[in-house]
2 protein chains.
Amino acid sequence: MNAVTIKDVALAAGVSSATASRVLSGHPATSAASREKVAAVAKELGFVPNAQARSLRSTKTDTIALLISDVRNPYFSDLAHAVEQQAHAAGMMTFIGNANEDTEQQDQFLAAMLSRRVDGLIVVPQGLDEDADRPSPMMQRIIASGTPLVFVDRTLPEQRIPSITASSTGALEEAIAQLKLLGHTSIAFLGGPDHASTARERHSAFDSAMAANGLSINPALHFAGDFRAASGADGARWLLEHELQPTAVVIADAPMAIGALTVWREAGIRIGKQLSVISFDEVDAMLMHDPPIATISHDLTSMGRAAVTALQEVMAGKSPEPQEFISRFTARESLAPTQAATGA
Amino acid sequence: MNAVTIKDVALAAGVSSATASRVLSGHPATSAASREKVAAVAKELGFVPNAQARSLRSTKTDTIALLISDVRNPYFSDLAHAVEQQAHAAGMMTFIGNANEDTEQQDQFLAAMLSRRVDGLIVVPQGLDEDADRPSPMMQRIIASGTPLVFVDRTLPEQRIPSITASSTGALEEAIAQLKLLGHTSIAFLGGPDHASTARERHSAFDSAMAANGLSINPALHFAGDFRAASGADGARWLLEHELQPTAVVIADAPMAIGALTVWREAGIRIGKQLSVISFDEVDAMLMHDPPIATISHDLTSMGRAAVTALQEVMAGKSPEPQEFISRFTARESLAPTQAATGA
DNA sequence: TTGTAGGCGTTATCAC
DNA sequence: GTGATAACGCCTACAA
């Protein structure tokens with residue numbers, strides 16, 4: 001068992017534990033002699049400082065927590081990776097927690113992090129299902145506790161919390177303009193869950209992009225999914241049976257798109273011929289698809305970095321401005337001139 | 001700021017901190033009266049126990065760490081999800097760490113976990129590049145420290161460490177038999193990096209499946225990738241230019257398959273006609289592809305659960321047997337009778 | 001430069 | 001059942 005403490009090191013090095021501590025934590029007031037001896041002994045004994053004790057005393061843990069809503073969604077694993085790398089570069093560890101799109105799991109994770117006294121939190125917040133905009137009680141406690149907090153990707157209408165978000169308005173305007181140019185006027189939207197601010201943002205950006213292009217917004221062409229593959233498949237089936245037979249569709253995230261495209265493949269729908277498709281989130285599978293799928297993508301790497309930077313500012317007592325990244329539209333062969341209705 | 005300690009709670013409840021502690025940690029020796037009062041006060045004050053202090057005293061953290069080699073690989077995010085859920089059910093938190101297929105990052109994470117005194121470790125071990133089978137120095141220290149440790153997915157030849165692995169021999173024999181039946185005799189293998197035991201296992205299982213089916217093993221048809229999409233793309237290009245023009249290919253993981261399939265789409269290769277494809281790892285994108293891709297899949301959920309269970313046994317002082325899961329072959333339309341060579 | 005002496009928040013050990 | 005008290009491992013005034 002690893003029970004070697006700083007006292008053991010000090011004893012073996014023939015110094016006091018205070019000196020050993022100073023050497024091991026790089027305090028300047030140490031002699032070359034003790035530095036050498038302590039370092040050598042510590043290495044030989046395999047001394048690993050107890051982070052618990054250290055941060056109990058110093059009230060900092062050099063650890064931040066990142067709460068995402070679905071580990072298995074590549075969108076969030078990209079975000080997690082970016083945050084982790086940036087935090088790592090700043091000498092901090094990152095706890096990654098998974099809310100599973102569930103307020104209860106979110107709160108459990110937040111409680112655990114609070115209890116572990118992380119130095120800060122980066123959160124993709126879940127709204128409450130019934131009342132999408134109200135932070136959960138645990139979130140309110142976090143805020144009340146004064147723990148440095150930053151929202152990323154999604155947000156809640158809490159004025160004091162800096163947030164890093166993405167705006168898809170411009171990209172969607174481009175996308176819809178492109179579709180209109182190709183002759184599409186009946187365009188469906190497979191959206192995400194209303195408790196996610198991103199789902200609402202994408203939906204309203206879609207509506208305003210339609211309006212900006214002089215196309216009418218038809219609520220009957222909006223399907224409410226949940227950002228997961230199964231709901232994308234449901235949306236695809238819903239579309240197949242839809243009386244209006246739109247000729248193009250925008251899908252709110254990659255898992256839903258993959259689910260939907262699978263259904264359409266099974267149904268023999270030719271993408272880019274019978275149905276034009278644009279999906280949010282650029283993942284490798286979109287380029288594998290034949291034809292490749294046009295995407296609206298967010299720069300997760302930059303967003304993740306920005307979140308860490310903003311959090312560091314909050315930890316330093318500043319109040320960083322909210323930051324909004326602009327998503328990018330990439331046209332691909334999944335877009336083509338109108339030919340026939342979906343079900344043809 | 002959240003500076004409410006157990007003493008504050010005790011004071012407000014009119015009991016000693018010892019009693020407060022007993023109530024808050026569910027110790028049986030408490031009266032109903034104090035239980036009520038303490039609980040009420042704690043809630044009112046928003047008391048959050050300091051996990052640092054608690055585990056400093058109790059020498060347990062109710063936390064385990066999971067080290068995977070690539071967060072963005074869906075294979076590992078599935079595994080992570082399974083481990084997390086199972087650990088959560090057992091009342092433990094999970095730290096998820098990302099080695100990025102890199103021994104140095106692996107070691108940093110392990111050191112951080114050791115320093116945080118996690119109760120146990122579940123690791124997908126990285127071999128050293130130069131000497132795939134030797135555990136890194138840090139891994140040796142972990143082992144020496146006696147921290148409960150379990151390997152999952154990959155393994156190292158350390159006799160004392162329980163490991164949860166998968167065997168693809170049977171599945172590959174089935175797969176190759178199927179290909180042979182369809183007339184394929186020249187079958188390529190796009191493999192993973194040698195420092196991963198799974199890559200070696202899949203490769204040797206491929207070879208023995210070829211042999212078992214009476215087909216000759218041709219080293220010239222083996223491509224060494226690294227489990228990532230880019231190397232799959234490289235492998236696909238390599239195959240396109242290969243003088244032997246195999247008619248079928250087995251790919252060692254999903255990201256590589258997606259990379260490869262993208263290249264083949266661009267090159268106009270018709271999968272399931274000109275080239276039959278089998279990929280390891282069943283991810284949604286495999287079913288989205290037209291035609292759907294035959295897969296060899298592991299039951300990550302069961303493996304993740306088994307890893308947690310094994311770790312719990314180690315923590316309880318037992319020595320669980322190594323466990324080997326059997327992978328499953330699923331035939332799909334990406335397999336078809338031989339027609340023409342790849343490059344035709 | 002070094003050592004001594006608390007103390008961080010909690011729980012375990014004793015008495016009562 | 002409850003309350004003092006010590007101890008977990010480390011860091012940091014303070015004094016030397």
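Everything quoted here is computed from the prediction, not taken from an experiment.
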request  = Drop me the distance from Phe76(B)'s CZ to Leu66(B)'s CG, to the nearest 0.5 angstrom.
outcome  =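 So the CZ of Phe76(B) and the CG of Leu66(B) are separated by 10.0 Å.
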
What distance separates Met139(A) CE from Ile143(A) CD1, expressed to the nearest 0.5 Å?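 Result: 6.5 Å between the selected atoms.
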
Hey, does the side chain of [X] come within less than 4.0 Å of [N]'s phosphate (OP1/OP2), counting only N and O?
X	N	answer
Ser16(A)	dG3(C)	yes
Ser55(A)	dC8(C)	no
Ser17(B)	dG9(C)	no

Measure the distance from [atom1] on [X] to [atom2] on [N] and round it to the nearest whole Å.
X	N	atom1	atom2	answer
Asn50(B)	dC8(C)	CG	P	12 Å
Leu11(B)	dG9(C)	CG	C1'	15 Å
Leu56(A)	dG6(C)	CG	P	18 Å
Arg22(B)	dT13(C)	CZ	P	12 Å
Lys60(B)	dT11(C)	NZ	P	11 Å
His27(B)	dT11(C)	NE2	P	12 Å

inquiry  = Taking donor-acceptor contacts at under 3.5 Å, does the side chain of Arg117(A) reach the base of dG9(C)?
reply    =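 Under the 3.5 Å cut-off, the side chain and the base do not form any donor-acceptor pair.
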
query: Quick one: the side chain of Arg57(B) and the base of dT11(C), do they pair up donor-acceptor inside 3.5 Å?
result: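 When only heavy-atom distances are counted, Arg57(B) does reach the base of dT11(C) through a donor-acceptor pair under 3.5 Å.
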
With a 4.0 Å cut-off on heavy atoms, is Ser31(B) in touch with a base, just the backbone sugar-phosphate, or nothing at all?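 Sugar-phosphate only.
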
Looking at every strand, decide which applies to Thr30(A) at a 4.0 Å heavy-atom threshold: base, sugar-phosphate, or nothing. sugar-phosphate

**Request:** Would you please test Arg117(B) and Thr61(B) for side-chain hydrogen bond (donor to acceptor under 3.5 Å, both in side chains) and show each step?
**Result:** CA-CA 7 Å; Arg117(B) 302 293 192 267; Thr61(B) 53; over 6 Å; no

Checking dA12(C), dG3(C), dT10(C) against the side chain of Lys7(B) (C-beta onward), the nearest is dT10(C)

Residues 58-75 of chain A vs salt bridge (Lys or Arg N to Asp or Glu O under 4.0 Å), sequence neighbours excluded, gives Lys60(A)-Asp62(A)

*Is there side-chain contact between Arg305(A) and Gln85(A), with at least one heavy-atom pair below 4.5 Å?*
no

- Query: With respect to Met92(B), which candidate in Val308(B), Leu311(B), Thr63(B) satisfies the side-chain contact (heavy atoms from CB on, under 4.5 Å) definition?
  - Reply: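 That would be Val308(B).
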
Note: chain A reaches DNA chain D at heavy-atom distances under 4.0 Å over the stretch, first to last nt, 5' to 3', of dG9(D) to dA13(D)

Between the side chains of His88(B) and Gln108(A), does any donor sit under 3.5 Å from an acceptor? yes

